[in-house]
There are 2 protein chains.
Amino acid sequence: MVKRARLENILEDLDSTTKLEGLQSATVALRDLYQIHHIVYHWVDSAGDQYGCGTYSDAWRQRYLEQNYLRIDPVIQGCYQRFHPVDWKRLDWSSKAARAFLSEAIAYGVGNQGYSVPIRGPNGQFALFTSNHDCDDAYWNQFIETHGRDLILIGHYFNRKALEFEPVRQPEPAQSLSPREVDAMTLIALGYNRAQVANSLSISEHTLRVYIESARFKLGALNTTHAVARAMSRGLIVV
Amino acid sequence: MVKRARLENILEDLDSTTKLEGLQSATVALRDLYQIHHIVYHWVDSAGDQYGCGTYSDAWRQRYLEQNYLRIDPVIQGCYQRFHPVDWKRLDWSSKAARAFLSEAIAYGVGNQGYSVPIRGPNGQFALFTSNHDCDDAYWNQFIETHGRDLILIGHYFNRKALEFEPVRQPEPAQSLSPREVDAMTLIALGYNRAQVANSLSISEHTLRVYIESARFKLGALNTTHAVARAMSRGLIVV
DNA sequence: CCTGCCCTCACCATTTTTGGGGAGGGGAAA
DNA sequence: TTTCCCCTCCCCAAAAATGGTGAGGGCAGG
């Protein structure tokens, strides 16, 4: 277990980082402090934008982006479906593409062991804080046993810091929907057509349309489906 | 700062909790250890189911459910839109309903100070781990300064434990979509109509329809909007 | 090698949604 | 008190989505 004082130092170091590039050096510092191979922070925006920083080689970073490995990387894919931090060993490496990806990653200097902490935002934002090392299972298990909790906390602090630098990623000031609009959009999102929804809400279909159009307008949506998507990604309705 | 050994004990206590009711006693134990008023774990499913445990009075719990305060509780509303743990003081209490809610809560024995840690799952699941106390601002600020990090960690462990008891809440075995289906559904979710999407993907509108129908079938959706909603809530597409 | 899944293309009739107009009553905030 | 937003209701024509059926080539895993 890293001494508590040391963890404090790391967190304070993150707190004192004042520029986005600072995260890069904080990452390097973290790696040194924990004496592991790599530390990587990866962000995927709800708009599909991505941002990352870490200690992987430029070559691998570039290769990753060029090949759009985001789509097949089992770490991303697996963590996207997962609640909790996960050891790479527990991911699904069964597909041929995944194994090829791993081989290539290792060839580019990525270690064989990893521990990734998924972090989610209110609007579908997704970040991943990964610690990577090259060692045998026993050593790694011991490392995670010892440092896993620190890594979780650091991941969250890291994410918080990254967000401060990019206010763009903050949710838009939630233009809220009226209760009726929420009702309408929720039922629409559940797959009912307007006649059914109107019936279900005991209002006329015409009235229902007003709600839908109003919601569409508020959300700046091009059509009903778009409005549902936006309402969901903003957490205005839950389906 | 709570001694590290003590935090360890709490987390181990959570680890050794083997029954759902056990969480209730773990909650009480946490409260005793941290000597604060209340600790509450609250869960809202993507299906709208909710589950909670904590040290609030039965009366308040019942009242809360009866009145469906989930809809107006600024803690829920605020944290749902937020990335990071938040002090209750920083929430929006400006609406009349919110202030009335707070007064009533306090009348039911809820403390005036709170710190809530939002935790999100891959399919829109949302959990909130709240620490609540009745004290002045200075004391509370000091408490959070000291224990905030522990509370974040404990919240995550608590959530992990709660999920183990309710495998129902685990994501359904993700019936995945093919790449083209993902493309199609994503563009549809962005509000484009079929002609635009087909054009955008450089395929015929007929082919596009096959993807949409296929996705709809895989997702068990009643129509395109429903399919988009399901794909989003399962994290298959990100908009 | 066979099976299953993925990608691509096509038609027709029917149902559903959309766009744009107008109108009145009620409640809460400024 | 006035203003703004919310809830409710109505018509019509044009545009878009849906349901059902069919077909061929390609690639990967059992």
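- Atom-to-atom, CD1 of B/Ile188 to P of D/dA16 comes out at 12 Å; the value is rounded to the nearest Å.
- With DNA chain D read from its 5' end, the first of the two nearest nucleotides for B/Asn223 and B/Val210 is the one closest to B/Asn223.
- For DNA chain D, runs of at least 3 consecutive pairs of the Watson-Crick or G-U wobble type, with both hydrogen-bonding distances under 3.5 angstrom, map to C:1-30 with D:1-30.
- For the residue pair A/Asp137 / A/Gln113, a side-chain donor-acceptor distance below 3.5 Å is found, with atom types taken as modelled.
- One atom, CD1 of B/Ile212, and another, P of D/dA16, lie 14 Å apart when rounded to the nearest Å.
- Residue-level contact check: A/Thr207 touches the bases, meaning some heavy atom is under 4.0 Å from a base atom.
- Contact annotation: the side chain of B/Pro85 approaches that of B/Tyr115 to within less than 4.5 Å [non-hydrogen atoms, C-beta and beyond].
- One atom, CZ of A/Phe217, and another, C1' of C/dG21, lie 16 Å apart when rounded to the nearest Å.
- For B/Arg209 against D/dG20, a side-chain N or O and a base N or O form a donor-acceptor pair under 3.5 Å.
- If you take CH2 on B/Trp140 and CD on B/Glu145, they are separated by 13.0 Å, rounding to the nearest 0.5 Å.
- Rounded to a whole Å, the CD atom of B/Glu205 is 14 Å from the P atom of D/dA15.
- Rounded to a whole Å, the NE2 atom of B/His206 is 11 Å from the C1' atom of C/dC12.
- Nearest nucleotide to the A/Ser178 side chain, out of D/dC7, C/dC11, D/dC12: D/dC7.
- In this structure, NE2 of A/His226 is placed 18 Å from C1' of C/dG19, rounded to the nearest angstrom.
- Under the rule for a side-chain hydrogen bond (donor to acceptor under 3.5 Å, both in side chains), the partners of A/Ser204 that lie at least two apart in sequence or sit in another chain are A/Thr207.
- Contact of the B/Leu187 side chain with the B/Gln196 side chain is not registered, since no non-hydrogen atoms from C-beta on lie closer than 4.5 Å.
- Ranking D/dC11, D/dT8, C/dT16 by closeness to the A/Arg180 side chain, first place goes to D/dT8.
- Atom CG of B/Leu208 and atom P of C/dA10 are 13 Å apart (whole Å).
- Aromatic pair A/His133/A/Tyr139: centroids less than 6.0 angstrom apart.
- Contact between the side-chain N/O atoms of B/Tyr211 and the OP1/OP2 oxygens of C/dT8 is found at a separation under 4.0 Å.
- Side chain of A/Asn132 to main chain of A/Gly114: no donor-acceptor pair is present (N/O by atom type, distance under 3.5 Å, no hydrogens or angles).
- The stretch residues 195-204 of chain B touches DNA chain C through B/Ile203, B/Ser204, each having a heavy atom under 4.0 angstrom from the strand.
- Side-chain atoms of B/Ser214 and B/Arg216, non-hydrogen and from C-beta on, never get closer than 4.5 Å to each other.
- No engagement by B/Ser214 is indicated, since no non-hydrogen atom pair under 4.0 Å with the nucleic acid exists.
- Of the possible polar contacts, none joining the B/Arg61 side chain to the B/Thr55 backbone as a donor-acceptor pair under 3.5 Å is found.
- Side-chain proximity of A/Asn193 to the nucleotides C/dT16, D/dC10, D/dC7 is greatest for C/dT16.
- Counting only heavy atoms from C-beta outward, the side chains of B/Phe126 and B/Cys79 approach each other to under 4.5 Å.
- In this structure, B/Leu177 places its CG atom 10 Å from P of C/dC7, rounding to the nearest Å.
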